Amino acid sequence: MDVLAAAALIGWLYLAFGHGAFWRTGPGLPDRDDPPEWPAVTAVIPARDEAAVLPETLPTLVAQDYPGAFRIVVVDDGSSDGTAETAARLTDEVVSARDRPEGWAGKVWAMSEGVRAAGEPDFYLFTDADIAYGPGTVKRLVREAVNARRDLVSQMATLSVRTRWEKVIVPAFVYFFAKLYPFRRVTRDGARTAAAAGGCMLVRRAALDGAGGIAAIRGALIDDVAMGRLIKRAGGRCRLDLSRDVVSRRPYPRLADLWMMIARSAYHQLRYSPALLAGTVLGLLLLYAVPPAATLTGALTGRPAALSAGGAAWAIMTLTYVPMLRFYGLSPLRALGLPAVALMYAAMTVDSARRHRAGKGGTWKGRTAVVQ
């Protein structure tokens, strides 16, 4: 236990001080001057069975006071709940996605259909049907893209934390995402880390076209990370932040809903590799289970090395989680329970692999995604 506790402490010292300050939740988009000329922007919204949430979100895009040309294209992706009719009452342009070709993931095909309908704007704003925008958000995104010469500006939406399980799972979800893709490294030119948040991605059309277009990520189940990699690997300049101006209105009232949200793509994130799955689970156990176990074992058995290393690792872990809890307006005391939440995520990851082996991987709204 002494050796494991020391290894966990070394891991947390690196994560806290050498991993792109992944635990920080700011600063967000800086203030920028208005561009000399406002570029044309087309928002593309793939929507599959979203009739219930569109009345809460689509009006926030329609109400954006954007000085330049601004269009909204809602793509009805084979809905059966009246999504197209609901969208048509709220905005002017609704298109129906054609039959999905073989090899295309459903959402990416819908995004492609939106691009086809959008014409040739300067920027696409790829967003989701459950995303609401604060006043002036599109202007702030464009100011950053134009003045900082960014090819992709993405904002991770503030997710719902109203229910008991949302409060447990959601902040950890964002925390783990930021640990995988430290936002400062995504933003840093030349860094290999690349990602985006699919709820809000402002993408320069010329950069997307130069990188091969939407077709280059046609099979991607995790479309936002794939988009970030596509743009950055083609030499594009990217920025990713947390945002309070971009808010998801999608509720996850039950643990089962949150479990499915994570399990549907976790194994895909590991490239369907049993070796990476085993490594991820072992890594989670080392970083999150060993520190509290070593602390308790050391205290009960009088092993000072395990107690000190385990306690220090647990303390660092806890402190790195506090900023995310504060971002979501939750008690910092919840950070002490992060080891238990991490074990739940390990179980979700294993379940994701199980679902894939059973032929149910990537299932969402009655459709199973293709594997890229």
Side-chain angles (χ1 to χ4, degrees), residues 42-62 71-119 124-132 157 196-201 203 208 213-227 230 248-253 256-265 267-268 352 355-356 358-372:
T42 297
V44 175
I45 309 174
R48 180 174 172 84
D49 293 337
E50 301 284 10
V53 74
L54 281 173
E56 297 183 48
T57 59
L58 192 48
T60 68
L61 261 182
V62 173
R71 293 172 58 195
I72 300 171
V73 177
V74 178
V75 182
D76 177 31
D77 182 19
S79 301
S80 60
D81 67 344
T83 288
E85 293 78 8
T86 300
R89 291 195 295 268
L90 299 168
T91 192
D92 295 331
E93 198 162 353
V94 181
V95 299
S96 296
R98 297 171 297 174
D99 291 341
R100 177 167 53 108
E102 184 178 355
W104 284 76
K107 182 182 175 183
V108 181
W109 174 245
M111 292 166 64
S112 176
E113 290 290 85
V115 166
R116 182 175 65 89
Y124 302 113
L125 176 59
F126 295 108
T127 186
D128 290 338
D130 64 297
I131 299 299
C200 174
M201 299 187 294
V203 181
L208 180 58
I214 291 287
I217 59 168
R218 57 185 174 272
L221 178 58
I222 308 175
D223 60 277
D224 46 7
V225 173
M227 178 67 77
L230 178 69
S248 172
R249 299 298 187 194
R250 190 180 307 285
Y252 293 94
D257 301 317
L258 290 156
W259 191 288
M260 177 58 72
M261 177 187 75
I262 296 160
R264 64 182 289 265
S265 60
Y267 198 41
H268 176 85
S352 179
R355 291 172 184 270
H356 172 73
K360 299 178 181 178
T363 299
W364 185 250
K365 294 190 177 182
R367 183 166 60 193
T368 299
V370 298
V371 176
Q372 187 181 44

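Since we're looking at a predicted model, the values are computed, not measured. Heavy atoms only: backbone and side chains are in, while hydrogens, waters and symmetry mates are out.
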Looking only at heavy atoms, what is the nearest atom pair of Ala157 and Ser248, with distance? CB-N, 4.0 Å
Keeping Asp224 on the side-chain end and Gly198 on the backbone end, is there a donor-acceptor pair under 3.5 Å? yes
Could you pull out all residues at least two apart from Val115 that satisfy side chain to side chain contact (heavy atoms under 4.5 Å, CB included)? Tyr124, Phe126, Ile214
Does Glu56 come within less than 4.0 Å of Arg250, counting only side-chain N to carboxylate O? no
Looking at Ala215, is its backbone amide N or carbonyl O close enough to the side chain of Arg218 to form a donor-acceptor pair, meaning the two atoms are under 3.5 Å apart? yes
Is Ile262 close to Ser352 at the side-chain level, that is, under 4.5 Å between some pair of heavy atoms? no
Working to the nearest 0.5 Å, report the span between CG of Asp99 and CH2 of Trp104. 14.0 Å
Taking every heavy atom of Ala118 against every heavy atom of Thr42, the minimum-distance pair comes out as CB-CG2, 3.5 Å
Check side chain to side chain contact (heavy atoms under 4.5 Å, CB included) between Asp81 and all other residues, then give those that pass, not counting sequence neighbours. Asp49, Ala51, Ser79, Thr83
Quick one: list whatever passes side chain to side chain contact (heavy atoms under 4.5 Å, CB included) with Ala110, sequence neighbours left out. Pro46, Val75, Asp77
With side-chain contact (heavy atoms from CB on, under 4.5 Å) as the criterion, how do Leu230 and Leu208 come out once you've worked through the C-alpha distance, each side chain's angles and the decisive distance to 0.1 Å? CA-CA 8 Å; Leu230 178 69; Leu208 180 58; 3.9 Å; yes
On a heavy-atom basis, the closest approach of Ala52 and Pro55 is O-CD, 3.7 Å
Working note: Val95 + Val73, criterion side-chain contact (heavy atoms from CB on, under 4.5 Å); need CA distance, chi angles, decisive distance, verdict. CA-CA 7 Å; Val95 299; Val73 177; 4.0 Å; yes
Interatomic distance, CD1@Ile222 vs OG@Ser265, rounded to 0.5 Å, equals 4.5 Å
For Thr86, run the side chain to side chain contact (heavy atoms under 4.5 Å, CB included) check against Val53, Asp76, Leu54, Leu58 and tell me which one passes. Leu54
Mind listing the closest non-hydrogen atom pair of Ala129 and Glu50 along with its distance? CB-CG, 3.5 Å
Report yes or no: does Thr127 contribute a side-chain atom to a donor-acceptor pair with the main-chain N or O of Gly199 at less than 3.5 Å? yes
Reported CD-to-CZ distance for the pair Glu102 and Arg100, which is rounded to 0.5 angstrom: 10.0 Å
Please answer whether the main-chain N or O of Ala132 pairs with a side-chain N or O of Thr57 as donor and acceptor at a distance below 3.5 Å. no
Between Arg264 and Met261 the two heavy atoms that sit nearest each other are CG-O, 3.3 Å
Of the non-hydrogen atoms in Arg355 and Trp259, which two are nearest, and what is the gap between them? NH2-CD1, 4.2 Å
Are side-chain heavy atoms of Ile45 and Leu61 found at a separation under 4.5 Å? yes
For the side chain to side chain contact (heavy atoms under 4.5 Å, CB included) test, which of Asp128, Asp223, Val44 pairs with Met201? Asp223
